[in-house]
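The next block holds one structure in the form of structure tokens; read it before the comments.
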Amino acid sequence: MKIFNTMSREKEEFLPMKEGEVRIYVCGPTVYNFIHVGNARPLCVFDTLRRYMTWRGNDVMYVSNVTDIDDRLIAAANEQGTTVKALAQQYEKEYLTDSDGLNVLRPSVMPRATEHMQDIIALIRDIVARGYGYVAENGDVYFRARKFSEYGKLSHLVLDDLENSRELSASLDGGLKEDGADFAVWKAAKPGEPAWESPWGAGRPGWHIECSAMAKKHLGATFDIHAGGQDLIFPHHENEIAQSECANGQTFARYWMHNGFLNIDDKKMSKSLGNFFTVRQVAEKMGYEAIRYFMLSAHYRTPLNFSMDILEQCKASLARLYTCRENLVFALEKAKDAGETMLAARVQEARDRFCEKMDDDLNTADALAVLFDLVREINTLAAGSTKQVLADTLEEFDILCDVLGLLYEKQEEEVPAEVTQLVAQRAEARQTKNWARADEIRDALDALGYTVEDTAAGPKVVKK
RNA sequence: GGUGCCGUUGCCAAGUGGUAAGGCCCGGGUCUGCAAAACCCGUAUUCGGCAGUUCAAAUCUGCCCGGCACCUCCA
């Protein structure tokens, strides 16, 4: 499989450290509010990566954290007159509701920053011991960015350019830092803020160090893939690299993957622009699955423009997949042992092309096109195929959809006896060409939430 | 100022040297009692513009136009 590595800015052949085992870390949300639709992109994209790699026979260790202590949480808790802990717990729950709704598999491990204080402190201790960290007079601990000669290797930013970019230097942290490029790994406690004891006094960790520590704890000092949104490249991931590599003396993540941004009306989504949507809001209107489909409809590194209209289109596309599956199930019910077997070859071809596309830096848009080509083949060939071929096709179709995490809202319930009876009565009415009666029954079925379609093989009942 | 990204049919979106995938929408047809679903046909001589390289360019080079993002805690 080829993966575009942000570090090299090239597609590289992906080779895990250990054959058959893939270790991935994806930066999770800060749980201070409902997640927004932009947050859903890395969730869906990297979940799909995980599903694909697992399907291809890898044992995937997938770690995605929850940031449950940070400035925004503290601010939100103060505003709402609650505690950081209570707020974080509440929104972690909401986050999981959304992530489940998007059919995102739960991570192998979902570490919380507040539960890793000892790991964080140990890492900072190493940083300080190796001379990369220093304690400011107020108890903050800073990282000496300039001392790490490779600083900027991920973002390809040059420190001196950064310095010139804004008047950041002394303005930040009131001259506590030795250098404008330095960043906090530990922040001394301020009144009313949650704090943990440390060798440098009471305080809390900086944002970047949390991920460094949690990744190390659960994946080791070096692991395969680190992923997140493009905006995290700098400073978050750059700083993670600096901290981790200086403390551990070895490569941090071997491949870096970053998803493109989600825009609204071609503008970055932001509260101030008034184009801010939470996943929950959109899901209530359009359903979660349309959001997931939308995220996979374009390549993960390109910018994606969001609108309700586009989501409607996604729903229509999904409907084609669902209908195809219904047709396939129906054909299977009616199938005989004898018949055509050509479909089997088409399925095999689709599977191969699907893998080819996914192997090419997770080209989900092309993978979907392959799936739709298969849909056409199924719709054309299903009626005459053998029972065995149809059973195999259904299994394979479900697998491919599941690799993308789609078609998870299948209706598997039995059709109620009442409906079956009505369908039979309607068949009788049609026999005697009593069209009025037939239409009446169809309306009745409609009211019960079922659609009946007359096919060459008999009536097909579908729950709406 | 520095670093990147993007501009393909009405809409979404692949394709990155070999003559424009796929989905949605739309029009016509087949099937159907009607419908639905499905299938078939039709929908970009053209890929922001202009030059250039090449037998061949949406794909490479240059310039220009338009849009977006990052540059210390936003996925």
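Letters A, B, ... are given to chains in the order of the sequence lines, protein chains preceding strands, and every chain is numbered from 1.
Atom C1' of B/U72 sits at a distance of 39 Å from the matching atom of B/A58, rounded to the whole Å. Taking the C1' atoms as reference points, B/C60 lies 34 Å from B/A75, given to the whole Å. Comparing the C1' positions of B/C47 and B/G18 gives an interatomic distance of 16 Å, to the nearest angstrom. A gap of 14 Å separates the C1' atoms of B/C25 and B/A13, to the nearest Å. Between the C1' atoms of B/G10 and B/C55, the separation comes to 37 Å (whole Å).
Using a 4.0 Å heavy-atom distance criterion, A/Asn379 is classed as a sugar-phosphate-only contact. Counting any heavy atom pair closer than 4.0 Å across all strands shown, A/Ile233 reaches no nucleic acid atom. Among the protein residues, A/Leu304 comes within range of the sugar-phosphate backbone only, with heavy atoms under 4.0 Å from sugar or phosphate atoms but none that close to a base. Heavy atoms of A/Thr302 sit under 4.0 angstrom from primed sugar atoms or phosphate atoms, though from no base atom. Contacts of A/Gly228 with the nucleic acid, taken as non-hydrogen atoms under 4.0 Å apart, involve only primed sugar atoms and P, OP1 or OP2.
Side-chain to base pairing of A/Arg430 with B/G33: one donor and one acceptor N or O lie within less than 3.5 Å of each other. In the interface, the side chain of A/Asp454 is paired with the base of B/C34 through a donor and an acceptor atom under 3.5 Å apart.
In this structure, of B/C6, B/C74, B/G33, it is B/C74 that holds the atom nearest to the side chain of A/Asp231. In the set B/A36, B/C70, B/A75, the nucleotide with an atom closest to the side chain of A/Phe234 is B/C70. When distances are taken from the side chain of A/Phe183 to each of B/U72, B/C5, B/A37, the shortest belongs to B/U72.
The phosphate of B/A35 has neither OP1 nor OP2 within less than 4.0 Å of any side-chain N or O from A/Arg442. One finds no side-chain N or O of A/Arg426 lying less than 4.0 angstrom from the OP1 or OP2 phosphate oxygen of B/C34.
For A/His208 and A/Phe183, the ring centers sit closer than 6.0 Å to each other. Aromatic rings from A/Phe223 and A/Phe252 are positioned such that their centres are separated by under 6.0 Å. Taking the ring centroids of A/Phe306 and A/Phe277, they lie under the 6.0 Å cut-off.
In this structure, B/C70 forms a base pair with B/G2, meeting either the Watson-Crick or the G-U wobble geometry with both donor-acceptor distances under 3.5 Å. The partner of B/G42 is B/C26, judged by Watson-Crick or G-U wobble contacts that both fall below 3.5 Å. Pair assignment for B/U19: none, as no Watson-Crick or G-U wobble contacts are both less than 3.5 Å. For B/A36, there is no paired base (Watson-Crick or G-U wobble, both distances below 3.5 Å). Remark: B/C50 base-pairs with B/G62; criterion is Watson-Crick or G-U wobble with both hydrogen-bond distances under 3.5 Å.
Annotation: of the two residues near RNA chain B, A/Cys324 and A/Asp70, the 5′-most nearest-nucleotide partner is A/Cys324. Place A/Ala438 and A/His36 on RNA chain B by their nearest nucleotides, and A/Ala438 ends up nearer the 5' end.
At a threshold of 4.0 Å, the pair A/Glu312-A/Lys315 does not count as salt-bridged, since none of the basic side-chain nitrogens sits closer than that to a carboxylate oxygen.
Inspection of the A/Tyr134 and A/Asp182 side chains reveals an N or O donor paired with an N or O acceptor under 3.5 Å.
Under the side-chain contact (heavy atoms from CB on, under 4.5 Å) criterion, A/Val403 pairs with A/Tyr52, A/Trp55, A/Phe354, A/Met358, A/Ile399, not counting sequence neighbours. Residues that satisfy the side-chain contact (heavy atoms from CB on, under 4.5 Å) test with A/Leu448, not counting sequence neighbours, are A/Glu418, A/Val419, A/Leu422, A/Tyr450.
One atom, NZ of A/Lys460, and another, P of B/U32, lie 18 Å apart when rounded to the nearest Å.
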Indicate for each nucleotide in nucleotides 15-31 of chain B, in 5' to 3' sequence, whether protein heavy atoms under 4.0 Å reach the base (B), only the sugar-phosphate (S), or nothing (-). S-----BSBS-------
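In this pair, A/Trp256 and A/His258 present their aromatic rings parallel. The plane angle is below 30°, not in the 30 to 60° band. Using cut-offs of 30° and 60° for the angle between ring planes, the A/Tyr300 and A/Phe46 rings count as perpendicular.
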